[in-house]
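See structure below.
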Amino acid sequence: VLCLSIRGVQEEDPPDAQLMRLDNMLLAEGVAGPEKGGGAAVAAAAAAAAGSITDNSIEHSDYRAKLTQIRQIYHTELEKYEQACNEFTTHVMNLLREQSRTRPISPKEIERMVNIIHRKFSSIQMQLKQSTCEAVMILRSRFLDARRKRRNFSKQATEILNEYFYSHLSNPYPSEEAKEELAKKCSITVSQVSNWFGNKRIRYKKNIGKFQEEANLYAAKTAVTATQAVAAAVHNSQDNSPSTPNTGRPGYPIDILYLCTDYFSPVDPH
DNA sequence: TGCAATGATTCTAT
DNA sequence: ATAGAATCATTGCA
């Protein structure tokens with residue numbers, strides 16, 4: 001009876017429950033806001049994942065595949081141990097039965113033996129579970145760390161972002177709507193736009209000299225655009241050559257004026 | 001292969 | 001919540 005109850009426990013969830021919870025939480029896709037959720041672990045996972053909701057389905061399926069692989073290995077190993085345990089148990093039982101001819105063996109003794117064997121195998125299975133959990137955790141941390149799969153934005157996207165940045169140099173903080181539009185134009189996410197502007201502001205401020213050339217380039221670019229726009233608006237289609245961006249025009253974007261000033265960077269080196 | 005550029009994350013302060 | 005700052009990890013070029 002004891003033997004059966006032990007086996008019953010082994011075949012069921014209890015030790016397995018932790019693992020299942022683990023990869024359930026990993027597979028959770030929606031990752032909605034803070035739910036009433038089961039355990040603290042689930043909540044923590046949700047909070048961690050909330051930071052990087054980027055629907056990169058390719059990476060995700062890759063991740064799922066690896067997770068499935070881990071689980072498969074785990075289950076085959078588990079089955080192997082289970083089988084070995086059973087085989088060994090019957091082997092011992094046979095031995096005991098053989099011995100019972102020469103000496104009396106109480107059922108209690110048999111029970112004790114079986115119990116010992118199962119405890120041993122159980123601890124081995126525990127180790128297996130533990131290492132599997134570790135593998136899953138490593139996989140998870142790798143998946144969540146987007147730095148590992150960073151890709152540079154396309155040149156076109158960078159161009160668009162830079163154009164906005166340098167034409168709003170006095171206040172390079174795009175509104176939510178502006179961010180959305182930029183994201184759409186650049187084929188990136190809104191949070192990527194936010195990241196870009198965060199990085200750009202700090203790096204520009206840190207070393208304006210390094211960005212001076214770039215600033216002039218984009219200033220000239222917007223100047224040309226503005227000039228053309230003004231020209232078009234006025235219907236003043238004279239034979240002006242567009243290659244000479246004039247300065248000091250009335251229709252200028254005001255932010256260009258900040259290019260050579262220290263408005264957006266009172267950098268104090270100390 | 002070393003290094004600067006760059007996108008993303010984490011931490012702190014407001 | 002958000003910006004700034006520091007830092008991490010990868011990319012791409014000389």
Side-chain angles (χ1 to χ4, degrees), chain A residues 25-26 28-35 37 40-67 134-221 255 258-259 261-270:
Chain A
M25 93 186 178
L26 293 169
E29 253 170 319
V31 191
E35 291 282 322
V42 178
S52 58
I53 301 177
T54 50
D55 47 351
N56 34 12
S57 54
I58 301 164
E59 300 291 334
H60 191 249
S61 68
D62 185 41
Y63 168 75
R64 278 177 88 120
K66 282 179 179 160
L67 195 64
E134 268 169 36
V136 172
M137 290 298 268
I138 290 166
L139 183 67
R140 172 178 166 274
S141 67
R142 281 182 167 271
F143 176 73
L144 288 178
D145 190 356
R147 284 178 291 200
R148 291 184 185 278
K149 50 181 169 28
R150 179 177 77 74
R151 293 285 176 278
N152 287 356
F153 297 153
S154 70
K155 211 167 178 209
Q156 201 175 5
T158 318
E159 192 117 328
I160 292 165
L161 293 167
N162 271 319
E163 260 171 41
Y164 188 98
F165 181 79
Y166 286 113
S167 65
H168 297 74
L169 205 53
S170 61
N171 185 35
Y173 301 85
S175 65
E176 199 58 33
E177 299 84 60
K179 279 183 194 171
E180 276 167 28
E181 198 182 324
L182 284 168
K184 202 170 181 182
K185 273 197 215 168
C186 299
S187 309
I188 59 178
T189 66
V190 173
S191 55
Q192 282 178 307
V193 173
S194 298
N195 286 340
W196 190 91
F197 274 88
N199 282 322
K200 191 71 184 182
R201 281 193 300 264
I202 196 74
R203 284 165 184 164
Y204 178 82
K205 199 154 94 170
K206 240 175 174 171
N207 189 353
I208 298 175
K210 196 159 65 183
F211 290 92
Q212 197 60 55
E213 201 180 325
E214 187 178 77
N216 291 335
L217 184 79
Y218 283 98
K221 202 177 256 187
D255 292 290
Y258 292 101
L259 277 173
T261 72
D262 55 351
Y263 185 89
F264 170 65
S265 57
V267 174
D268 184 4
H270 295 99

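A note on names: the letters A, B, ... follow the listed sequences, proteins ahead of strands, and every chain is numbered from 1.
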So A:Tyr166 and A:Glu214, do their side chains get closer than 4.5 Å, heavy atoms only? yes

Under 4.0 angstrom between A:Lys210 side-chain N/O and B:dA4 OP1 or OP2: no

OP1, OP2 of C:dT11 versus side-chain N and O of A:Arg151: anything below 4.0 Å? yes

Determine whether A:Val190 and A:Glu176 make a side-chain contact, defined as any pair of heavy atoms from C-beta on separated by less than 4.5 Å. yes

Quiz question: going by heavy-atom distance under 3.5 Å, is there a donor-acceptor pair between the base of B:dA5 and the side chain of A:Asn152? no

In this structure, how many angstroms lie between the P atom of B:dT6 and the CD atom of A:Glu159, rounded? 13 Å

It should be established whether A:Tyr204 places a side-chain nitrogen or oxygen under 4.0 Å from OP1 or OP2 of nucleotide C:dA5. no

Whole-Å distance, A:Phe153 CZ to B:dG7 P, equals 5 Å

Below the 4.0 Å mark, does B:dA8 have OP1 or OP2 next to a side-chain nitrogen or oxygen of A:Gln192? yes

Distance, rounded to the nearest Å, where A:Arg201 contributes CZ and B:dT6 contributes P: 17 Å

Start at the 5' end of DNA chain C and walk down; is the nucleotide closest to A:Glu176 or to A:Asn199 reached first? A:Glu176

To the nearest angstrom, how far is A:Phe197 atom CZ from B:dT9 atom P? 18 Å

Would you say A:Lys206 places a side-chain N or O within less than 4.0 Å of OP1 or OP2 belonging to C:dA6? yes

A:Leu182 CG to B:dG7 P, straight-line distance once rounded to whole Å: 14 Å

Where the side chain of A:Arg150 is defined as all heavy atoms beyond and including C-beta, which of C:dA6, C:dA5, B:dT6 is the nearest nucleotide? B:dT6

Between B:dG7 (P) and A:Lys200 (NZ): distance, integer Å: 9 Å

Closest to the A:Ile202 side chain, choosing from B:dG7, C:dT10, C:dA5: C:dA5

Could I get the full list of salt bridge (Lys or Arg N to Asp or Glu O under 4.0 Å) partners for A:Glu180, not counting sequence neighbours? none

Test side-chain hydrogen bond (donor to acceptor under 3.5 Å, both in side chains) applied to A:Lys210 - qualifying residues, sequence neighbours left out: none

Could you check how far NZ of A:Lys205 sits from C1' of C:dA6, rounded to whole Å? 14 Å

Below 3.5 Å, does any donor atom in the side chain of A:Arg203 face an acceptor in the base of B:dG7, or the other way round? yes

Please report, rounded to the nearest Å, how far the P atom of B:dG7 is from the CG atom of A:Asn162. 9 Å

To the nearest 0.5 angstrom, please state how far the NZ atom of A:Lys200 sits from the CZ atom of A:Phe211. 4.5 Å

